[in-house]
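Structure, as structure tokens:
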Amino acid sequence: MAETLSDQNILIVEDQEGPRRALMMILGSFYRIHTAETASAALKIIVESPIDLMLMDVGLPDYSGIELLRRVRATGRDVKVIVMTGGASIESAEEVLRLGAVAYLLKPFNFQEVLTLVENSLTMKDPKLAS
């Protein structure tokens, strides 16, 4: 049986309640949502649950989103990642994309932008499998 988008599990990693709630409201009608306020809590969820996509803030209270992305990659889990930030820099964007993030989302974001980016990220083919 083919998996539908509504069968997808999304992890929102955001320490600020406002953006976290906004993302839950935007995505909750379409996907199964998990949330974490810290990088260490997110890593625990990724190890214990099947997560298809992680939306994560770069600035987290325990360690950076870039370090979280490194640790997620080290687990070997095939999790697509969208990085969110309110203070973008070319260096951080290059680093997260080098580490395999599928997109870089600037805050504040709008409803349609988030939905489109998430849907496109979930349906994109793994470039390693394309021929």
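We use all heavy atoms of the structure for the numbers below, so side chains are in, but hydrogens, waters and symmetry mates are not.
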Would you compute the distance between atom [atom1] of [X] and atom [atom2] of [Y] and round it to the nearest 0.5 angstrom?
| X | Y | atom1 | atom2 | answer |
| --- | --- | --- | --- | --- |
| Arg71 | Leu99 | CZ | CG | 13.0 Å |
| Ile82 | Tyr104 | CD1 | OH | 13.5 Å |
| Leu69 | Leu43 | CG | CG | 11.0 Å |
| Ile26 | Glu113 | CD1 | CD | 9.5 Å |

*Starting from the C-alpha separation in whole Å, work towards a yes-or-no answer on side chain to side chain contact (heavy atoms under 4.5 Å, CB included) for Ile12 and His34.*
CA-CA 6 Å; Ile12 299 167; His34 306 261; over 6 Å; no
*asked:* The test is side chain to side chain contact (heavy atoms under 4.5 Å, CB included); show your working for Leu105 and Val83 and say whether it passes.
replied: CA-CA 6 Å; Leu105 180 64; Val83 176; over 6 Å; no
Do you know which two heavy atoms are closest between [X] and [Y], and how far apart they sit?
| X | Y | result |
| --- | --- | --- |
| Ala39 | Asp62 | N-OD1, 2.9 Å |
| Leu11 | Ala36 | CD1-N, 4.1 Å |
| Val81 | Leu53 | N-CD1, 4.1 Å |
| Gly59 | Asp15 | O-OD1, 3.3 Å |
| Leu97 | Ala103 | CD2-N, 4.4 Å |
| Gly28 | Ile33 | CA-CG1, 3.8 Å |

*asked:* Heavy-atom count check: over 12 atoms from other residues, nucleotides or ligands less than 6.0 Å from Arg21 CZ?
replied: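 Open.
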*asked:* Please say yes or no: joined through hydrophobic side-chain contacts below 4.5 Å, possibly via intermediate residues, are Ile66 and Tyr63 part of one cluster?
replied: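 Yes, Ile66 and Tyr63 fall within the same hydrophobic cluster.
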*State yes or no: do Leu115 and Met25 share one hydrophobic cluster built from I, L, V, M, F, W and Y residues joined by side-chain heavy-atom distances below 4.5 Å, directly or via other members?*
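Not linked; separate clusters.
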Test your reading of the model: is there a side-chain donor-acceptor pair from [X] to the backbone of [Y], 3.5 Å cut-off?
| X | Y | answer |
| --- | --- | --- |
| Arg73 | Gly100 | yes |
| Ser49 | Ile51 | no |
| Asn9 | Asp52 | no |

Is [Y] paired with [X] through a side-chain N to carboxylate O contact shorter than 4.0 Å?
| X | Y | result |
| --- | --- | --- |
| Arg70 | Glu67 | yes |
| Glu94 | Arg98 | no |
| Asp7 | Arg32 | yes |

*Could you give me the CA-CA distance, side-chain angles and deciding distance for Thr75 and Val47, then say whether side chain to side chain contact (heavy atoms under 4.5 Å, CB included) is met?*
CA-CA 7 Å; Thr75 68; Val47 169; 4.2 Å; yes
*Who passes side chain to side chain donor-acceptor pair (under 3.5 Å) against Thr116, sequence neighbours left out?*
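Checked Thr116 against side chain to side chain donor-acceptor pair (under 3.5 Å); matches are Gln112.
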_For Lys107, side chain to side chain donor-acceptor pair (under 3.5 Å) partners two or more places apart_ =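 In terms of side chain to side chain donor-acceptor pair (under 3.5 Å), with neighbours along the sequence ignored, Lys107 is linked to Glu14, Asp57.
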*Step by step, work out the side chain to side chain contact (heavy atoms under 4.5 Å, CB included) result for Ile10 and Met54.*
CA-CA 6 Å; Ile10 295 179; Met54 176 172 66; over 6 Å; no
*Side chains of Glu37 and Val13: closer than 4.5 Å at any heavy-atom pair?*
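Result no, sub-4.5 Å side-chain heavy-atom pair not found.
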